Amino acid sequence: MKQVYVGGYGPGICALGGGLLARVASPSFLAAHPTLPVLYAAGELRRGWLTAFQTGQTLRPLDERPSEGDSPCHVAVDPTGSVLAATDYGDGTAVIYRLDSRGAFDGDPIVLPHKGSGPNKDRQEGSHAHQAVFHDGILHVSDLGTDEIRRYRYDGTPLEPIAMNPGTGPRHFAFIGSRLYVAGELDGTVTLIDGERRTVVPASREDVENCPSHLQVEGDLVYVANRGPNTITVLRAADLSPVAEVSSGGDWPRHFAIDGTTMYVANQQSNAVTLLELKDGVPQPSARGYEVERPSCVLIM
């Protein structure tokens, strides 16, 4: 039976309907090992930490290591389960750890610091690494501060980054084959990059300031959470044409996860995870949900 875990800025990691499972400081993002019953949490602190937990009736600590930077906000495991990466928003550092057969950290980390800035003086004064994504054997790191998707081999060798439009502020992103979809937190856009072709559209049609957060592609649809309008936008993956934009069911949708026909939305500022049913791929308005203190991530495993 699947379990729904929620991380955030409350007392720790909780299970929907099951209460607090692990008391840990600011577990703002969670990730699952692809083959083992192991969950990883990024502790978003000035001196950041990464914690591995064995899952079950409770969460049992397995291992813990520093994120090697300031305020880790994302953690991911590659599809083989042998490599983990995390991103530190505060100073732009990314880190790579090898994982052993138990899912514990193995050996010394590969630390990937970065320097740079962007045109938004308030938000792009320096590097701000936001998300780590493994794709085609390469680690990709979105950098909100420098308007690029940084690229590395697993040994830490840097590759040519993917440059975004100035002021985009890339946050979460996803690959489907050769296509790359990027949510721009600072300019409120979604960008589709397919070879030499680029398509840029507003993430929301609402006439309010928008700070897009999470982006996910499911089938032929792209879903984007919009903080400010407090909506979920649905776009066609082929060309980013609009399908629908609906209420997130709360305030400040920081993240969401999809399980079958149910979308779980972490509405951070209204202290709730809202459940939206998908009909033909479109989330339907709902009052269903769970009270969770300042949720920022939903993980289903």
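Hydrogens, waters and symmetry mates play no part in the numbers below; they use all other heavy atoms, side chains included. These numbers were taken from a predicted model, which means no experiment stands behind them.
- Ring pair H135/F175 is parallel by interplanar angle, where below 30° counts as parallel and above 60° as perpendicular.
- Nearest heavy-atom pair across A203 and P212 is CB-CG, 3.7 Å.
- One side chain, T262 or E277, offers a donor N or O that lies under 3.5 Å from an acceptor on the other.
- Remark: side-chain polar atoms of D88 are not paired, donor with acceptor, to backbone N or O of G90 under 3.5 angstrom.
- Classified by interplanar angle (parallel below 30°, tilted 30° to 60°, perpendicular above 60°), the ring pair H214/H255 is tilted.
- When side chains are defined from C-beta on, S82 does not count as touching L99, because their heavy atoms never get closer than 4.5 Å.
- Distance check: L276 CG to Y264 OH gives 11.0 Å after rounding to the nearest 0.5 Å.
- A single hydrophobic cluster is not seen to contain both V217 and M263; linkage of ILVMFWY side chains at heavy-atom distances under 4.5 Å, directly or through other members, places them apart.
- Scanning both residues, G7 and L30, for their nearest heavy atoms gives N-CD1, 3.5 Å.
- When side chains are defined from C-beta on, P109 does not count as touching R65, because their heavy atoms never get closer than 4.5 Å.
- In this structure, Y40 and G103 approach most closely via the heavy-atom pair OH-O, 2.5 Å.
- A side-chain donor from one of H114 and E148 sits under 3.5 Å from a side-chain acceptor of the other.
- Going from atom CH2 of W252 over to atom CG of N230 covers 7.5 Å, rounded to the nearest 0.5 Å.
- Here the closest heavy-atom approach between residue L21 and residue A15 is recorded as CD1-CB, 3.5 Å.
- Remark: R153 CZ is loosely packed, at most 12 non-hydrogen atoms of other residues, nucleotides or ligands lying under 6.0 Å away.
- Under the 4.5 Å side-chain criterion, counting only non-hydrogen atoms from C-beta, S117 is not in contact with T146.
- A distance of 11.0 Å separates OH of Y5 from CG of L16, quoted to the nearest 0.5 Å.
- Taking the ring centroids of F134 and Y154, they lie under the 6.0 Å cut-off.
- There is a path of hydrophobic side-chain contacts, each under 4.5 Å, that joins L112 to V141.
- The OG1 atom of T168 lies 12.0 Å from the CD atom of E185; values are rounded to the nearest 0.5 Å.
- Heavy-atom minimum distance, D78 versus T80: OD2-OG1, 2.7 Å.
- The CG atom of D108 lies 12.5 Å from the CZ atom of R98; values are rounded to the nearest 0.5 Å.
- Contact annotation: the side chain of P253 approaches that of N267 to within less than 4.5 Å [non-hydrogen atoms, C-beta and beyond].
- Between V273 and V4, every side-chain heavy-atom pair lies at or beyond the 4.5 Å cut-off.
- The shortest side-chain heavy-atom distance between P283 and L278 falls under the 4.5 Å cut-off.
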Worksheet item: So R236 and D239, salt bridge (charged side-chain N to carboxylate O under 4.0 Å, His left out) or not? Walk me through it.
Response: CA-CA 6 Å; R236 298 199 185 281; D239 57 5; 5.9 Å; no

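- Hydrophobic clustering (ILVMFWY, side-chain heavy atoms < 4.5 Å, transitive): V222 and F173 are in distinct clusters.
- Clustering ILVMFWY residues whenever any of their side-chain heavy atoms sit less than 4.5 angstrom apart, transitively, puts L299 in the very cluster that holds V24.
- No side-chain heavy atom of T58 sits less than 4.5 Å from a side-chain heavy atom of F53.
- Taken from CG in D106 to CG in D100, the straight-line distance is 5.5 Å, to the nearest 0.5 Å.
- When side chains are defined from C-beta on, V95 counts as touching L50, because their heavy atoms get closer than 4.5 Å.
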Worksheet entry | Test side-chain hydrogen bond (donor to acceptor under 3.5 Å, both in side chains) applied to S204 and E245, step by step | CA-CA 7 Å; S204 172; E245 183 173 358; 2.5 Å; yes

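- Side-chain N or O atoms of S142 include one that pairs as donor or acceptor with a backbone N or O of Q131 at under 3.5 Å.
- For R197, the CZ atom sits in a packed shell: over 12 heavy atoms of surrounding residues, nucleotides or ligands are nearer than 6.0 Å.
- Side-chain contact annotation: N226 with T233, donor-acceptor N/O pair under 3.5 Å present.
- One N or O on the side chain of D147 and one on the backbone of G167 form a donor-acceptor pair closer than 3.5 Å.
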Discussion item. Run the side-chain hydrogen bond (donor to acceptor under 3.5 Å, both in side chains) test on Y89 and E44 for me, step by step, so that the C-alpha distance in whole Å, both residues' side-chain angles and the decisive distance to 0.1 Å come before the verdict.
Written reply: CA-CA 9 Å; Y89 180 85; E44 193 173 330; over 6 Å; no

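- Scanning all heavy atoms of the two residues, the minimum distance from V292 to C14 falls at CG1-SG, 3.8 Å.
- Residues T51 and E64 bring a donor and an acceptor atom of their side chains to less than 3.5 Å of each other.
- Following chains of ILVMFWY side-chain contacts shorter than 4.5 Å, one cannot reach I96 starting from F105, and the two form parts of different hydrophobic clusters.
- Distance alone, capped at 3.5 Å, is enough to place a donor-acceptor pair between the H74 side chain and the A132 backbone.
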